[in-house]
There are 2 protein chains.
Amino acid sequence: MPEGRTGQGYGSESLLFLTDEQLRQGIEAMFFAYRGFTADPDRILAEMSYGRAHHRAIHFINRSPGTTVNNLLSILGVTKQSLNRVLRTLIGDGLVISKVGELDKRERHLYLTDQGQALEATLSDAQRARMRAAYKDAGPEAVQGFKTVLEAMMDADMRRAYAKLRD
Amino acid sequence: MPEGRTGQGYGSESLLFLTDEQLRQGIEAMFFAYRGFTADPDRILAEMSYGRAHHRAIHFINRSPGTTVNNLLSILGVTKQSLNRVLRTLIGDGLVISKVGELDKRERHLYLTDQGQALEATLSDAQRARMRAAYKDAGPEAVQGFKTVLEAMMDADMRRAYAKLRD
DNA sequence: TTGGAATGTCAACAACACTGACATAAACTG
DNA sequence: CAGTTTATGTCAGTGTTGTTGACATTCCAA
């Protein structure tokens, strides 16, 4: 099937891509790919006895400097107690600073310090390098499809958070 | 842009899709999508005080009945102590049986019991339903791109394991 | 001003990963 | 056969990350 992109080929494809076998391949691809996705940052984090939770917090604080704890909570989808433990160590280690809100003194606004930004850059560079290689391998059209499927896989509230970050 | 697939359009796309901003969107899409990917099984598992580790074991035992502990270890990428804790509970709860190998009596071959298969089906159905909806939303071409990028994101050994499962 | 909602912190606990050490049995090797 | 390697399982200890419960602070509205 060298020139197999016939009408028939496409027809069978659009019928077949929803079979359980096809779906299972997608499920397993997600499982393995996510391991690859986190492997590089994980290695760096392990050296400094941080984990993925720290990475996620750093990532989204960098993404939205001045964000509140509550806002971060809704993005990360964990309990405030869980996030708080991570933030406490990051603040204690001088990677993040927490400023009491001026309008609402209950709120804490979060910022990366220079040191925090340095770690963020290191982690991002590693993760982006793999992403860049994968994108380059796969090509622009595949990347478009990749994003389309991922977005379709999200819950409504995740899709909202994801869209909000792209503003 | 109905006929917008011009050389220029493509040119700018192939330049832009590797920008840091594009890559970051991909990274965040992976983060949110993976949450969606695991959300449905997680809910089911939580009711019976199992976790993702149990799901993964059940999935791959179902995928390759009679697989050995060692083989499972290389697929899951965890330590034997970690896997053993999970297998012990699954065997104890009657979802998995472990048979001493006939050729090599050191090996344990793993199988799902009827009860194990029932749980596997419940979990798979939930996860596939979301996957099916996402695939349907995105269309066959996007799905092809999705898989291409995911595979490009894997390490070599994961890609090997993934390919092996597709035989 | 009083009560409730929102925000954040501290303490304790469970799940699940890790390392290290060790035991057992079987297979392989010289 | 003796010694080594392989496959598996177990025990103990540790760390990250999630959970719930209890509590303090701040804001706002009745």
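The basis for the numbers below is simple: all heavy atoms, side chains too, and nothing from hydrogens, waters or symmetry mates. Protein chains get the first letters and strands the later ones, always in sequence-line order, with residue 1 at the start of each.
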Need to verify one output field. Residue with the more 5' nearest nucleotide on DNA chain D, A:Met48 or A:Arg106?
A:Met48
Map A:Gly101 and A:Tyr50 onto DNA chain D by nearest heavy atom, then report which one ends up closer to the 5' terminus.
A:Tyr50
Does A:His54 place a side-chain N or O at less than 4.0 Å from the phosphate oxygens OP1/OP2 of D:dT17?
yes
Check whether any side-chain N or O of A:Thr79 sits under 4.0 Å from OP1 or OP2 of D:dT19, and answer yes or no.
yes
What is the distance, rounded to the nearest whole Å, between atom CG of A:Leu45 and atom P of D:dT16?
11 Å
Indicate yes or no for a side-chain donor-acceptor contact from A:Thr68 to the backbone of A:Glu107 under 3.5 Å, with no hydrogens or angles considered.
no
Reckon A:Ser49 touches a base, only the sugar-phosphate, or nothing at all at heavy-atom distances under 4.0 Å?
sugar-phosphate
Please check if the distance between the ring centroids of B:Tyr34 and A:Phe31 is under 6.0 Å.
no
Under 4.0 Å: is that the gap between some side-chain N or O of A:Asn84 and OP1 or OP2 of C:dG8?
no
Checking salt bridge (charged side-chain N to carboxylate O under 4.0 Å, His left out) between B:Asp40 and each of B:Arg35, B:Arg128, B:Arg130, which is the one that passes?
B:Arg130
Please confirm whether the shortest side-chain N or O distance from A:Arg56 to OP1 or OP2 of D:dG18 is below 4.0 Å.
yes
Would you say a side-chain N or O of B:Arg108 is under 4.0 Å from OP1 or OP2 of C:dT24?
no
Separation of atom CD in B:Glu107 from atom C1' in D:dT6, rounded to whole Å:
10 Å
Ignoring hydrogens and angles, answer whether the base of D:dT26 and the side-chain atoms of A:Lys105 contain a donor-acceptor pair closer than 3.5 Å.
no
Starting from P on C:dA25, measure out to CD on B:Glu102 and report it in whole angstrom.
20 Å
If you measure from the Lys or Arg side-chain nitrogens to the Asp or Glu carboxylate oxygens, is any gap between B:Glu151 and B:Arg166 under 4.0 Å?
yes
Could you tell me the separation between the CG atom of A:Asp42 and the P atom of C:dC18, rounded to a whole number of Å?
11 Å
What's the CZ-C1' distance between B:Arg88 and C:dC16, to the nearest Å?
13 Å
Among the nucleotides D:dT10, D:dT16, D:dT19, whichever has the atom closest to the side chain of A:Val78 is D:dT19
Name the nucleic acid region contacted by A:Leu83, choosing base, sugar-phosphate or nothing; use a 4.0 angstrom heavy-atom cut-off, strictly under.
nothing
Of B:Ile97, B:Val96, B:Ile58, B:Asn62, the one forming a side chain to side chain contact (heavy atoms under 4.5 Å, CB included) with B:Leu110 is B:Val96
Crowded around A:Glu102 CD? As in, over 12 foreign heavy atoms under 6.0 Å?
no
When rounded to whole Å, the NE2 to C1' distance for the pair A:His55 and D:dT17 reads 16 Å
Rounded to whole Å, how long is the line connecting atom CG of A:Leu76 with atom C1' of D:dT16?
15 Å
Nearest whole Å is fine: how far is C:dC28 P from B:Asp104 CG?
7 Å
Using OP1 and OP2 only, check whether a side-chain N or O of A:Asn70 sits under 4.0 Å from C:dA6.
no
For B:Gln81 and A:Leu73, find the nucleotide of DNA chain C closest to each by heavy atoms; which residue's nucleotide sits nearer the 5' end?
A:Leu73
